[in-house]
Protein chains: 2
Amino acid sequence: MTENEPRGSAEGGDAVNGKTRDALRAAHLYYMQDLTMDAIAHELHTSRSSVSRLLSHARASGLVEISIHSPLDLPSRIEQEILTRHEVRAHVIPVPDHASDVDRLDRVALSAARILGQYVDSNQAIGVAWGSTMTAMSRHLVPKATHNTEIVQLNGAGNVRTTGILYASELLRRFGDAFGARVQQFPVPAFFDDPATKRAFWKERSTRRLLDLQARLDVAIFGVGSPFAEVPSHVYQGGYLERADYEGLSREGAVGDVATVFYRADGTSEGIALNERATGPDFAVLRRAPRRICVVSGRAKLPSLRGALAAGLITDLIVDEGTARALVEA
Amino acid sequence: MTENEPRGSAEGGDAVNGKTRDALRAAHLYYMQDLTMDAIAHELHTSRSSVSRLLSHARASGLVEISIHSPLDLPSRIEQEILTRHEVRAHVIPVPDHASDVDRLDRVALSAARILGQYVDSNQAIGVAWGSTMTAMSRHLVPKATHNTEIVQLNGAGNVRTTGILYASELLRRFGDAFGARVQQFPVPAFFDDPATKRAFWKERSTRRLLDLQARLDVAIFGVGSPFAEVPSHVYQGGYLERADYEGLSREGAVGDVATVFYRADGTSEGIALNERATGPDFAVLRRAPRRICVVSGRAKLPSLRGALAAGLITDLIVDEGTARALVEA
DNA sequence: AAGCCGCGTGAACATATGTGCAAGGGGCCA
DNA sequence: TGGCCCCTTGCACATATGTTCACGCGGCTT
């Protein structure tokens with residue numbers, strides 16, 4: 001199935017509306033009245049198969065929203081623990097321990113995409129980072145209609161497409177489409193070669209406009225990078241950084257990054273040279289967003305996650321079970 | 001399957017917790033990660049059938065909540081119309097026109113029970129009326145954990161059990177169970193024989209306590225009665241009213257009642273003699289509740305519904321499609 | 001007008017889910 | 001301790017749901 005984006009032109013909007021109406025009615029009958037698809041087909045004067053498709057459509061397009069609540073008296077032990085230790089609301093995604101990293105990422109991203117709907121609303125500015133985690137999420141976003149919401153790119157990314165990572169513009173577009181939001185691109189490389197170039201660029205009016213937006217985010221969504229994990233994240237494979245950069249990071253004690261900005265295990269980031277060339281927002285700026293959602297999958301990212309927590313970058317954490325368990329076992 | 005109320009004694013609460021945990025995890029895997037039940041069975045080290053049962057349990061016990069949203073740009077024409085004409089938020093339940101009255105009532109009640117969860121919360125006083133509509137609803141309530149919430153009986157009802165109508169105490173208990181709420185009974189007949197008895201009773205301290213509660217409701221839930229419909233509502237079959245009462249109502253222009261209190265087509269109720277003997281709350285009192293949810297099924301109730309709208313008794317209306325259509329076709 | 005294309009449809013098949021039933025396990029009483 | 005009862009389980013079957021495929025209906029081009 002290809003992207004179900006509306007066609008560029010006017011298109012038979014009425015046909016689409018009719019379909020949406022039918023889907024809505026089918027959904028009512030199915031989820032609220034527990035009718036069987038067969039019965040619904042009869043009421044809608046169509047075939048059972050069409051009803052099945054209508055219902056798929058209803059779920060895929062966000063007409064139907066399914067949420068899961070722990071009873072208040074039975075909060076997950078781990079989520080509770082993370083809340084008290086780090087003052088972060090955690091969503092722990094159950095994934096079997098033996099799952100492969102790819103599986104794990106996919107499953108976390110799928111859940112995260114569905115959870116995201118709870119955070120997105122009208123009249124918001126939503127910052128989105130760029131990386132394999134965000135790419136995986138973008139594939140599964142559930143549409144939700146909003147007005148006057150903007151998707152803001154948090155950090156630059158060359159126009160590369162390495163394994164499984166989309167052009168940043170494509171990724172942002174998916175977020176924009178899902179929420180009916182405008183997209184604010186940030187057409188810069190992930191890292192400048194020369195800090196002076198960055199400083200110069202930062203003074204440009206077009207850049208300032210975007211930086212201002214970044215400073216007024218309502219929600220930020222990002223993963224964490226872990227440069228020294230066994231399987232380094234794609235940013236490090238993509239040829240963005242030189243060996244010398246790595247050595248510098250290592251020497252300066254960096255354990256991870258959020259949107260290309262690096263930090264140490266204790267959460268500090270002062271004096272990490274590479275940050276002078278990075279394109280993501282300063283943590284001081286990032287922290288102005290009231291909701292900062294971090295999606296993490298895989299224990300390899302644990303040190304990096306710890307650092308991001310220490311830096312106070314995260315208000316809401318979506319994390320796979322194994323990593324969550326490791327986090328609280330310290 | 002019998003009522004799944006917790007056994008009287010302590011019982012293996014741990015077993016129940018374990019089951020809830022499993023159900024929660026199964027629900028995550030099923031609804032958030034789209035795994036098949038087979039796959040979940042594998043992850044949970046149990047059989048597929050058990051997973052099927054766990055998921056049923058998860059839905060029946062409110063762990064999973066499914067809601068349906070019209071896209072903002074496509075509000076149902078009818079609901080929109082009702083909103084602008086009556087300033088009432090409507091939920092229109094799709095039911096085929098040829099459905100029998102019993103079917104229709106069941107389907108509306110099922111939907112209403114599920115919608116109700118959106119209105120119920122902790123620390124609330126919830127008034128509940130009594131009748132066939134409420135009885136049907138009570139059968140399908142989805143549990144939702146709350147703290148410090150009370151279910152308050154709105155009007156008396158003799159201890160009769162006519163076709164399909166439960167003892168009021170049983171009905172209330174179901175609401176209480178579903179929301180983990182205390183139940184405040186109101187042990188009086190539906191109508192007193194003598195207004196003086198009512199007035200005397202109303203001065204009793206135990207009665208006053210309940211009346212005070214009724215005056216501080218957060219939510220009220222009720223149907224409408226329609227004494228002169230072809231198929232009169234059960235209150236009128238139950239032998240509560242004499243022929244003389246009907247003649248009086250007819251003479252005074254009554255078209256319906258909410259919780260035993262009658263009104264005319266224009267919404268007025270002054271001078272309707274029977275109200276002196278009724279046990280439901282004065283409309284002035286009822287209207288103090290910020291949310292007043294009315295559930296109506298069947299076109300026979302249309303005049304009565306119109307009257308209740310005119311009287312401003314309703315803030316939220318749950319109604320079958322045919323009746324809704326008739327309502328706005330005026 | 002003919003021909004082509006793309007979409008949506010329902011029938012038939014392939015999977016996935018729901019349920020009756022017999023068997024097993026564990027608490028509770030005698 | 002033995003026996004009873006009740007709840008839970010997994011199997012096998014019955015239903016319900018998802019998906020493939022061939023078809024036919026517009027809309028558009030030539």
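Below, each value reflects all heavy atoms present in this structure, side chains not excepted, and no hydrogens, waters or symmetry copies.
Taking 3.5 Å as the limit, the base of dC11(D) and the side chain of Ser49(B) contain a donor-acceptor pair of atoms between them.
Side-chain nitrogen and oxygen atoms of Ser50(A) include at least one within less than 4.0 Å of the OP1 or OP2 phosphate oxygen of dG10(C). OP1 or OP2 of dG18(D) lies within a sub-4.0 Å distance of a side-chain N or O belonging to Ser52(A).
To the nearest angstrom, P of dA16(C) lies 18 Å from CG of Leu55(A). Summarising the geometry, the separation between CG on Leu44(A) and C1' on dT9(C) is reported as 14 Å, rounded to the nearest angstrom. Rounded to whole Å, the distance from NE2 on His42(B) to C1' on dA16(C) is 17 Å. In this structure, Arg48(B) places its CZ atom 14 Å from C1' of dG20(C), rounding to the nearest Å. Here dG10(C) presents its P atom at 15 Å from CD1 of Ile40(A), a figure rounded to the nearest Å. Put simply, CG on Asp38(A) is 14 Å from C1' on dG18(D), counting in whole angstrom units. Whole-Å rounding puts the Leu54(B) CG to dT17(C) C1' distance at 14 Å. The separation between His57(A) atom NE2 and dT17(D) atom P is 19 Å, rounded to whole Å.
Counting heavy-atom neighbours within 6.0 Å of Arg182(B) CZ, excluding the residue itself, gives a total above 12. No more than 12 heavy-atom neighbours from other residues, nucleotides or ligands sit within 6.0 angstrom of NE2 on His42(A).
In this structure, Thr36(B) reaches the sugar-phosphate backbone alone: every heavy-atom distance under 4.0 Å involves primed, P, OP1 or OP2 atoms, never a base.
Nucleotides of DNA chain D nearest to Leu35(A) and Arg53(A) differ in position, and the one nearer the 5' end is that of Leu35(A).
The shortest side-chain heavy-atom distance between Ile221(A) and Phe175(A) falls under the 4.5 Å cut-off. Between Arg77(B) and Arg21(A), the closest side-chain pair of non-hydrogen atoms falls below 4.5 Å. The shortest distance between side-chain heavy atoms of Arg107(A) and Leu29(B) falls below 4.5 Å.
Comparing dC13(C), dG20(C), dG10(C) by their nearest atom to the side chain of Thr46(A) picks out dG10(C).
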